[in-house]
Amino acid sequence: MRYSKTLLPTLKETPAEAEIVSHRLMLRAGCIRKLTAGIYTYMPFGLAAIRKVENIVREEMNLAGAQELLMPMVQPADLWRETGRYEKYGPELLRFHDRHDRESCLGPTHEEVITDIARKELHSYRNLPMNLYQIQTKFRDEIRPRFGLMRGREFIMKDAYSFDVDDEAAGISYMKMYEAYKRIFTRCGLSFRAVQADSGAIGGSFSHEFMVLAKTGEDTIVVCKECEYAANMEKAVVKLVKIERPEVLGDMEKVETPGKRKVDTVCEFLGIEAKQLVKTLVFKADGKIVAALVRADREVEEVKLKNLLGAADVEMADEQEVFDATGVPTGYLGPVGIAVRMVADQEVAAMQNFYAGANEKNFHLKNVNLGRDFQVEAVGDLRQITTSDPCPECGGQLETTEGIEVGHVFKLGTGYSESMQATFQDKDGQAKHFVMGCYGIGVSRIVAAAIEQNHDDRGIVFPVPLAPYTVIIVNLGIDDEIINTAAEKIYEDLQAAGLEVLLDDRDERPGFKFKDADLLGIPYRVTVGKTFIKSGTLEIKNRKDGTLEELTPEETVKRLQTTILAELSK
RNA sequence: CGGGAUGUAGCGCAGUUUGGUAGCGCACUUGUCUGGGGGACAAGGGGCCGGAGGUUCAAAUCCUCUCAUCCCGACCA
């Protein structure tokens with residue numbers, strides 16, 4: 001492609017709206033332009049990168065035995081009512097009425113539509129397993145779209161759905177996708193981790209999120225330094241460290257703590273450590289008051305609390321609500337003699353002779369013990385994991401990093417097939433519900449994540465497999481016949497060698513062109529300038545490491561062809 | 001939906017406090033020079049100052065209402 005004929009509007013200055021690197025660079029490099037909040041036009045250069053991702057996804061999905069189809073974006077409300085999601089989905093689902101006043105919605109995901117296809121078209125176990133996928137623009141009316149393509153309302157997603165005869169077969173389908181995903185993200189040149197997204201309530205870990213490791217990620221994940229364990233922070237299982245303490249249970253006594261409400265001040269006043277104190281935090285679970293007990297130096301993980309309680313929604317109660325429910329001012333709350341539902345972190349159950357609030361202003365209790373002095377409704381893993389906790393898998397050291405979720409594999413089971421009566425006839429002649437799985441990849445988000453992970457202060461540094469062009473030729477002598485001819489020649493030859501080449505044939509000054517080449521992040525730059533007249537060589541620059549080479553045109557073609565091919569087959 | 005901020009030329013901004021009829025840098029057009037890291041000079045084009053209403057002789061500026069966008073918290077690929 002000739003730069004002079006391309007719509008590739010680069011920006012020297014950064015538009016004020018862009019906050020994170022990928023968004024900023026994608027705007028500056030002319031990849032995207034915003035139409036309205038969370039909705040972007042993919043400009044030719046950005047679209048080329050998206051297509052690269054799509055093709056990798058397509059190849060690997062097909063290789064894994066999945067078939068591509070394309071489902072409608074506009075969907076009838078009735079279909080969504082079958083699964084109850086038309087009511088449940090919330091305002092993210094954009095609903096509207098068509099000219100006949102039929103209720104419709106824009107598909108944020110396609111379980112209903114695909115299950116409808118399955119119940120109509122798949123009738124026998126002989127048809128299974130079946131895995132169908134599409135690459136499509138999704139619409140989710142996000143509460144707060146932000147960060148450009150990272151969280152848009154409109155975005156390109158690959159979604160796949162598998163249908164199997166039973167649980168075991170579904171597990172195989174799941175693993176196939178899991179492996180395909182690893183290949184996809186590896187081929188995209190991303191540094192990523194597959195993290196467990198389910199704490200194991202169903203039994204196995206049948207949900208994984210694929211996270212690209214990047215500082216700007218919206219999720220925090222914990223990663224083991226020694227083994228492959230990785231999990232979303234809010235779901236990471238805390239392994240209880242057994243402490244052998246054959247202590248004699250002391251008699252519970254009241255101690256005065258005048259005006260000491262905070263953990264720090266209480267500990268300082270009593271001359272104890274926070275790990276000897278238990279704090280009582282009050283939450284509203286689906287509107288009902290529940291107290292959660294954790295060691296004073298720990299944090300309650302609301303997601304875990306939610307799961308333990310089986311609640312749909314959990315939030316912290318405010319001071320007034322706490323007082324209304326318990327009659328105790330915050331700071332002196334404790335588990336002994338309090339009339340609310342209580343749950344405790346497993347660590348609290350293992351503690352002996354601890355301190356806690358006395359449910360009386362200016363007093364705490366000493367030598368409190370669970371079981372003897374109070375009872376709780378449930379004990380479980382309630383607290384947030386820390387880097388000083390051992391890896392739940394191998395006991396190794398943990399660290400935290402930020403991650404961007406680019407993929408999610410999930411075993412659905414028979415929820416959808418049951419609510420939509422999607423059955424097939426099995427070997428034994430019985431009608432059975434399909435066991436389903438669903439698998440998503442954020443295609444447009446991958447491009448943003450890749451830039452988040454691969455850039456420097458001069459611009460994007462595209463991984464070769466995602467680069468819209470792999471080579472940019474900088475012609476520095478538009479008016480010089482020798483240089484011009486050489487630039488045209490190498491342009492032809494590189495294309496003939498099967499490479500995607502951008503020829504910068506604009507009448508601009510060298511500095512200007514170099515800056516653009518850096519900004520665009522094209523992996524290899526070939527400069528045709530005065531050195532060609534002097535020595536007949538071209539300069540090849542590697543965008544990533546900055547290495548320079550002087551080669552003849554023939555050598556250049558060979559060198560680029562082999563190195564780029566090598567990069568692509570990694 | 002709560003909290004904060006911003007809307008002035010394609011982009012980045014000043015001007016708003018103290019009303020007097022719109023400016024700077026970049027980009028764009030033309031010309032000359034220049035030619036290995038966003039070059040120089042000269043001459044141009046481009047703005048119902050987000051929208052509506054009001055106050056006033058006079059509004060980008062003051063008042064009221066609205067719309068939009070961005071940032072911080074609950075969702076997710």
Side-chain angles (χ1 to χ4, degrees), chain A residues 9-20 23-24 27-28 30 33-39 53 57 89-93 108-110 135-160 181 184-185 197 209-212 217-219 232 234 302-303 306 312-316 403-410 438-449 458-459 474-480 483 504 506-519 525 527-534 538-539 541 546 548:
Chain A
T10 55
L11 264 30
K12 186 152 72 174
E13 282 171 297
T14 310
E17 68 189 53
E19 196 66 16
I20 62 167
H23 188 195
R24 218 155 42 215
L27 285 168
R28 287 193 54 207
R33 287 295 183 260
K34 187 176 73 177
L35 180 63
T36 181
I39 299 181
V53 175
V57 169
Y89 210 92
E92 259 191 19
L93 179 67
T109 176
H110 283 68
I135 295 175
Q136 190 205 33
T137 295
K138 294 276 187 275
F139 189 91
R140 290 185 192 169
D141 204 354
E142 291 283 342
I143 306 162
R144 183 147 98 85
R146 58 184 139 177
F147 303 149
L149 292 197
M150 205 63 95
R151 182 181 291 283
R153 291 149 83 204
E154 214 179 83
F155 58 98
I156 299 173
M157 175 171 157
K158 187 276 325 182
D159 48 324
Y181 273 36
I184 289 169
F185 299 125
E209 288 170 348
F210 287 81
M211 310 288 273
V212 166
E218 293 184 85
D219 296 281
N232 200 314
E234 52 190 35
E302 292 187 19
V303 173
K306 200 162 89 176
D313 182 59
V314 161
E315 60 176 324
M316 203 80 176
I404 300 164
E405 186 185 351
V406 290
H408 198 167
V409 291
F410 197 81
C438 73
Y439 317 93
I441 289 183
V443 172
S444 42
R445 181 182 278 183
I446 283 181
V447 176
R458 294 191 313 246
V474 180
N475 178 347
L476 292 187
I478 298 294
D479 302 324
D480 185 299
I483 294 174
D504 192 348
R506 296 171 301 172
D507 186 11
E508 292 290 351
R509 296 170 59 88
F512 193 91
K513 292 185 166 193
F514 289 144
K515 291 283 186 195
D516 265 348
D518 287 344
L519 176 62
R525 187 184 83 194
T527 308
V528 191
K530 288 223 175 80
T531 43
F532 181 75
I533 299 179
K534 277 187 232 143
L538 308 171
E539 179 195 87
K541 186 170 185 185
L548 291 170

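Just so we're on the same page: letters track the sequence lines, and every chain starts at 1. Fair warning: this is a prediction, and the values are worked out from it, not measured in the lab.
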Any residue meeting side-chain hydrogen bond (donor to acceptor under 3.5 Å, both in side chains) with A/D219, in chain and number order, not counting sequence neighbours: none
Listed partners of A/E302 passing side-chain hydrogen bond (donor to acceptor under 3.5 Å, both in side chains), at least two apart: none
Set of residues satisfying side chain to side chain contact (heavy atoms under 4.5 Å, CB included) with respect to A/A517, sequence neighbours excluded: A/I472, A/R525
Under-4.0 Å side-chain N/O to phosphate OP1/OP2 contact, [X] with [N]:
| X | N | answer |
| --- | --- | --- |
| A/R144 | B/C72 | yes |
| A/T36 | B/U69 | yes |
| A/R506 | B/G38 | no |
| A/R153 | B/C76 | no |

Residues forming a ring-ring contact (aromatic ring centres under 6.0 Å, His included) with A/Y89, sequence neighbours excluded: A/W80
ring-ring contact (aromatic ring centres under 6.0 Å, His included) partners of A/F155, counting only residues at least two apart: none
How would you label the contact of [X] with the nucleic acid (heavy atoms, under 4.0 Å): base, sugar-phosphate, or nothing?
| X | answer |
| --- | --- |
| A/N232 | nothing |
| A/D159 | nothing |
| A/G459 | nothing |

Side chain of A/L519 (C-beta onward), nearest among B/G35, B/G38, B/A74: B/G38
Nucleotide nearest A/F155 (side chain, heavy atoms from C-beta), chosen from B/G36, B/A74, B/A77: B/A77
Please list, for nucleotides 23-31 of chain B, all pairs of protein and nucleotide N/O atoms separated by less than 3.5 Å.
| unit_1 | atom_1 | unit_2 | atom_2 | d |
| --- | --- | --- | --- | --- |
| B/G25 | N2 | A/E13 | OE1 | 2.8 |

Nearest-Å distance once atom C1' is located in both B/U32 and B/U17: 46 Å
